[in-house]
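Quick caveat, the model's predicted, so the values are computed rather than measured.
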Amino acid sequence: MVMHSNMQILKLWLVHVLLLEMFDLSRSKGLMRKADVGVILDLQTSVGKIYKSCISMAIEDFYSKNSYNTMIVPHFRDSRTDVVAAASAAIDLLKNTQVMAIFGPQRSTQADFVIDICDKVKVPIISPATSPAVSPQESPYFVRSAWSSASQAEAISAIVNKFNWREIVLIYEDSNFGSGLVPFLTKNLLESNALVSNITVISPSTGNDRMLEQLYELKKMQTRVFVVHMLPSLASLFFKKAKEAGMMKEGYVWIVSDVLTSLLDSVDPETIEAMQGVVGVKAYIPRSNELNNFIRRWKKRFHKENPEMETTELNVFGLWAYDSIIALAQAVERAGATSPNFKKVANRGNLTDLEAIGTSNTGPSLVRFIRNFTSKGLSGDFIISNGELQPSAFEIMNVIGRGGNRVGFWTQKYGFSMKPKGNDPNQNLGAIVWPGQTSKVPKGWEVSANANKLRVGVPIRTRTSELINVEIDNKTNHVNATGFCIDVFEEVMSSMPYPVQFDYIPFDNSDGISTGYHYDDLIHQLSLKKYDAVVADVTMSATRSQEVDFTIPYIDSGVSTVVLIEDNKNAWIFMKPLTVGLWLTIGAFFLFTGFVVWALEHRVNEEFRGPPLQQFGMIFWFSFSTLVYAHKEKVKSNLSRFVVIVWLFVVLVLTSSYTASLASMLTVQQLDPTDIRDLTKKGEYVGYKESHFVREYLDSTKSDKSKFRIYSSFEEYDEALSKGSGKGGVGAIADNVPSIRLFVSQYCHKYTVIGTYRKSGFGFAFQKGSPLAPDASRAIMKVRENGKMEEISRKWFGEEGCSSRNGTAVASKSLNLDHFKGLFVISGISSLSALAISLFTFFYKNRHVLASHVSFKRKLSDLAGAFDCERDEKSSSSSSKETRTVFEEIVAAENPAITILCDEEGMFSPSIELVVTRA
C-alpha cells in the first residue's frame, strides 16, 4: 500500500512538471504580451552600430534570466545622421507601429525635434543626447540616458584652475550639442578665477580653408589654452588642421570634452597622431567580472555582425544604452502593456499625421517608472533622477601614442586623485605629456610673434614727476617715460615668466589737451579697450576695481600730513610737558611725602629732630631732594623705608615721562591735534595738490573748505609751509604717501609727517579679466623679495635715514593728571597706611594719657610732649636711663632749683608732677 501511494505521488508530480513546461512553452510561443519599442539610431556610423548590438543583447539577457508577462520587441530605424529623417522615423513608429516608448535619437539636434513629438503623444523617449539645451525639466516624457555635457564643465574648470591658467578660448561645434556647454563652462571658470576670453564657433559644414583661417586667427591671440567641444567627425578634421597651422607644438594646451574623449577609439590613426598631448575628460566606468564577460561576448557578436570593423571598441555610450534598455524592460513589466496602445482623437475634420496618432494609454504610467530609477548596471551605479542620468567620477585622459592614457580621476566631492574614490589632499595627477612631447606644464599665455605689443597707457600731466614723468619727442614721436612707477613696471615685466613686449601710449584728449591729471578718465580707457594696461601713480579703490583688474600694491598709499619743523624758543617751554594741575599735584605729594617721612622718623632718628624751623626745612629738603636722588639722611623706620621706596618709583616714572615729553616738544612744531578738521578749526590753512583721491579724503573730514589751498609743485609746498598760515601760506600739506616721501626726502630735516591715513596703495591696472594681472602680482612679490624694489626706492626716495626719521615724528601733548592718576593713588595709599600704623602704635603706648581725667587741651599738650620726648623702644630702651641722667644734669647745671620728673621709661606722665623748687 505504501509503495502504491508513493507511485501515485510521483505520477502527480510528473503531471505538474509537464503542465508547467507546457505553460512556459506557450508563453515562449507568443502568449506573452508584446511591448513594441522604437529605436532610432544612425546605423551607418560605428557608434550607431555599437548602440544596436548593445540594445539587442540587453533584451536577450533580460528575458533569458526570468519569466515576465511582457516582452520588448525593438523596431530599429536609421536616422542617417539627419534631423528630418529622425523626425520622420519617429512619426512612422508612433503612427504605424504604435510603440510604447522610443530609444534615441543619439544626437542632440535630432532628439530636440523628436522630444516635442513624443511630448505631444505622451510617449516616453529615452535618448543619449548630452546637450544641456535639451532638458528633461522642460519635457516630461524625455529621459536622458547619458551624462549631460553640463556635468563635465566643473571638471574642465578644475583642470584649468589646477594649472593656474587664467584665460581660455572655447571652440565648439555650431549645433545644439556644441552651444549647450557654453553657459555652464563660463560660469564654472569664473568661479575658478578664470575667463573665457574668446569663443569660436566651427560649423560642421566648414571647409578646410575656412577652418585654417579661423585657426590662424586663434594663433594670433596671446591665450594658449583651448577647450574643444565637438563630435568626433568634426573634431577629427579640426585637429588635423590645427597641426597643419602649427598649433600642436610646445606651449599650447588643448582640452577636449567627454564625447570626443570617450569615442577616441572611433577616430582614425591620423587624427590620433595630430592630437598627441591633448587632455580630456570622460565618464569613469568601474571594472567588474560581469562587465569583462559582457565585453568578451559583445566583441564576438559585434565583429561577427560587422566584420569590416575590426578595431572598434565598446564605449561608455553602449554600456549606458544596455543599462537603459534593462531599466525600460523593468518599467514596461511594472506598467504592463495595454491594447489598444493609443487613444484616437475623435474625427474633427482634416487632421495632420501627428494629430491622427492620438495619445498613448501606457505612456503616463510608464514614464513614472523610468524617470526615477536606480540599479547596479554594467556601467556602475545607474541612477536616473528626475529624468536625468546622474554623473559620478570623471577620468582624466592624456592622448599619448595610439590612444588615451589615464592620468587620474576627478570627483565633485574629492577633486583630483589617483583613485576614483580616493581622498587625495594633494590633488595629484599622473605625469602628463603636453603637445610638443614635453612634460613641462605650459604657461597658457605667451606673446605671439604675430601678436600686437601690449598697449600701456601713461599720463602726460602727472602730480609728481619723480613718480612718473612722460615726455614726447616732437620729431620722432618717441615716448620717453621715467620715474619710480615706470622703473617698477619695467622690472616687474622683466620678471614675468614669459617675455612681454609693450609700448607706452600717452593719454590725451582728442583736442590734444592732456587730461592725464584726471586718473579716473585714464582708468576708464581700459574698459573702452583703448589700452591693455595703465601705469601711473594710481591709487587702487573699490570703485575703480569695478572697471579694471589691479595687481597687488607695489607701494603703500594713503594721505599724509606734513608740517614744518621749528625750534621752539619759548622761555617757559620747560613747564609745558606737564599741565598746571599735574604740577600742583606733584608739589602737593612732595610735601605730603616729606611730612609722612618726618612723622615716622622724628621719634627714632636724630637727623629729623631739632628746633621747629630746622625740622620744617627738613620736610622740604628730604622730599624734594628725592627728585634727583640727592637725599643724604638715612631712614631708620621700616615704615619710612616702605614709603620712600614707593615714592622713588613714582619720581622715576615722572622724571622719565617729563624728559621724553620735553625732548619731543623741543623737536616738533606744536600743531596739536594733527587731525585735518581740528587744524582748520584752529585757523590753520591746509595745502594739497589737486587730486581726486586727496580731495575726496579732505572732504570726508568735513573740514572748513575755505581753509584748503591748492598747490602744484614741491617748490610751492616749501614756500607755503615756510610762510605759515599767518603770512599767506599754510600750516600743513596733505598729499599721497609716496609724494610726501619724495617731498620730505628733498627737504630733509626741515619737515616732518604728523599723521597718515592709510589706503590700499598704488597698483598697475589691466583690462578686466586680463591674465597679466595675477602674473604681474606674483612678479611684484618676486621683485620685493629679491631686493630690486628697495633699490628702486632708494634711487627715487633717497636713503631711509632722513625720510624715516621725519616720517615717524609726531607732535607731543602735555601730560595731565589722568596719565599718572594710578601712581598717585598707590603713593597716597602707601603713605597714609604707614602713617596710620605709626599713629596707632603711638596712641596705644600712650593710652593712659587718653584714659586720664584731665581736660582735652591738657591731653593734647601731654600727647605732643610725649611725641616730642618719646623714643622707639628698640632704638632707645638701652639708652633711656643714660638720656635721662644727662638731661637731668643739664637742667641742674642751669638751675639747681628745678627737678624734672619722668617715669621709669623716660616718658612724661600726668601722675608725676613737675616739681620746681626755688631758692
Side-chain angles (χ1 to χ4, degrees), residues 37-65 71-82 85-86 89 93 102-107 110 126-128 145-146 204 230-237 239-240 259-275 282-283 285 287-326 328-329 377-379 397 399 401-405:
V37 172
V39 182
I40 304 175
L41 301 170
D42 297 334
L43 294 176
Q44 303 306 313
T45 65
S46 60
V47 177
K49 293 177 181 180
I50 292 173
Y51 273 127
K52 182 179 180 181
S53 60
C54 289
I55 290 171
S56 300
M57 293 180 70
I59 295 173
E60 294 171 5
D61 292 346
F62 181 78
Y63 291 107
S64 65
K65 295 179 181 178
M71 175 178 286
I72 289 179
V73 177
H75 298 270
F76 292 94
R77 297 289 187 272
D78 186 3
S79 58
R80 302 187 299 277
T81 68
D82 183 68
L93 289 168
I102 292 178
F103 182 91
Q106 63 193 60
R107 296 174 182 263
Q110 299 168 333
I126 306 170
S127 172
S145 62
M230 299 177 184
L231 291 172
S233 55
L234 182 60
S236 178
L237 175 63
F239 277 104
K240 291 176 184 177
V259 173
L260 178 56
T261 312
S262 300
L263 300 178
L264 281 176
D265 294 328
S266 65
V267 300
D268 58 274
E270 187 181 354
T271 301
I272 294 296
E273 179 63 27
M275 292 178 64
K282 77 171 187 177
I285 302 301
R287 306 296 292 187
S288 64
N289 292 331
E290 185 180 3
L291 176 60
N292 293 333
N293 293 333
F294 176 78
I295 291 174
R296 284 194 296 268
R297 291 193 297 117
W298 177 86
K299 283 184 177 181
K300 292 179 181 179
R301 177 165 181 162
F302 184 83
H303 294 307
K304 182 178 180 180
E305 294 176 353
N306 305 280
E308 74 283 1
M309 302 176 63
E310 296 181 357
T311 59
T312 304
E313 297 291 336
L314 179 62
N315 55 50
V316 66
F317 293 100
L319 297 177
W320 282 336
Y322 181 96
D323 290 338
S324 298
I325 294 300
I326 297 295
L328 177 61
L378 290 179
S379 60
M397 306 297 292
V399 180
R402 297 181 179 180
N405 177 50

Q: Inspect the surroundings of CZ in Arg402 and state if more than 12 heavy atoms from other residues, nucleotides or ligands are less than 6.0 Å away.
A: no
Q) Is there any salt bridge (charged side-chain N to carboxylate O under 4.0 Å, His left out) pair reaching into residues 47-56, and which pairs are they, with sequence neighbours excluded? A) Lys49-Glu308
Can you tell me how far the [atom1] atom of [X] sits from the [atom2] atom of [Y], to the nearest 0.5 Å?
X      : Y      : atom1 : atom2 : answer
Leu319 : Ile285 : CG    : CD1   : 6.0 Å
Gln106 : Thr45  : CD    : OG1   : 4.5 Å
Gln44  : Asp78  : CD    : CG    : 5.0 Å
Ile325 : Ile126 : CD1   : CD1   : 6.0 Å

Residues which pass side chain to side chain contact (heavy atoms under 4.5 Å, CB included) with [X], listed by chain and number, not counting sequence neighbours:
X      : value
Glu270 : Lys240, Asp268
Glu305 : Ser53, Arg301
Ala146 : Pro128, Thr130, Phe317, Trp320
Thr312 : Ile50, Trp298, Phe302, Met309

So which atom in [X] and which in [Y] form the shortest heavy-atom distance, rounded to 0.1 Å?
X      : Y      : value
Ile326 : Ala58  : CD1-O, 3.5 Å
Ile272 : Gly403 : CG2-N, 4.0 Å
Leu41  : Gly48  : CD1-O, 3.8 Å
Gly104 : Ser127 : O-CB, 3.8 Å
Cys54  : Leu314 : SG-CD1, 3.6 Å

For [X], check side chain to side chain donor-acceptor pair (under 3.5 Å) against everything at least two apart and list the hits.
X      : value
Tyr322 : Asp61
Ser379 : Asp323
Asp42  : Ser79, Arg107, Gln110
Asn292 : Arg287

(Q) Quick one, Phe239 with Val267, criterion side chain to side chain contact (heavy atoms under 4.5 Å, CB included). Give me CA distance, side-chain angles, the key distance, then yes/no. (A) CA-CA 11 Å; Phe239 277 104; Val267 300; over 6 Å; no
Q: Please name all residues satisfying ring-ring contact (aromatic ring centres under 6.0 Å, His included) with Phe103, sequence neighbours left out, ordered by chain then number.
A: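 Phe103: no ring-ring contact (aromatic ring centres under 6.0 Å, His included) contacts found.
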**Q.** ring-ring contact (aromatic ring centres under 6.0 Å, His included) partners for Phe62, two or more places apart
**A.**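 Partners of Phe62 under the ring-ring contact (aromatic ring centres under 6.0 Å, His included) test: Tyr68.
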Q: Step by step, work out the side chain to side chain contact (heavy atoms under 4.5 Å, CB included) result for Leu93 and Ile40.
A: CA-CA 9 Å; Leu93 289 168; Ile40 304 175; 3.9 Å; yes
Q. Which residues pass the salt bridge (Lys or Arg N to Asp or Glu O under 4.0 Å) test with Glu290, sequence neighbours left out?
A.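 Glu290 satisfies salt bridge (Lys or Arg N to Asp or Glu O under 4.0 Å) with no other residue.
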Q. Is the backbone of Leu263 close enough, under 3.5 Å, to the side chain of Asn315 for a donor and an acceptor to pair up by distance?
A. no
**Q.** Tyr63 side-chain N/O to Ile72 backbone N/O, donor-acceptor pair under 3.5 Å
**A.** yes
**Q.** Worked check of side chain to side chain contact (heavy atoms under 4.5 Å, CB included) between Leu260 and Met275
**A.** CA-CA 11 Å; Leu260 178 56; Met275 292 178 64; 4.1 Å; yes
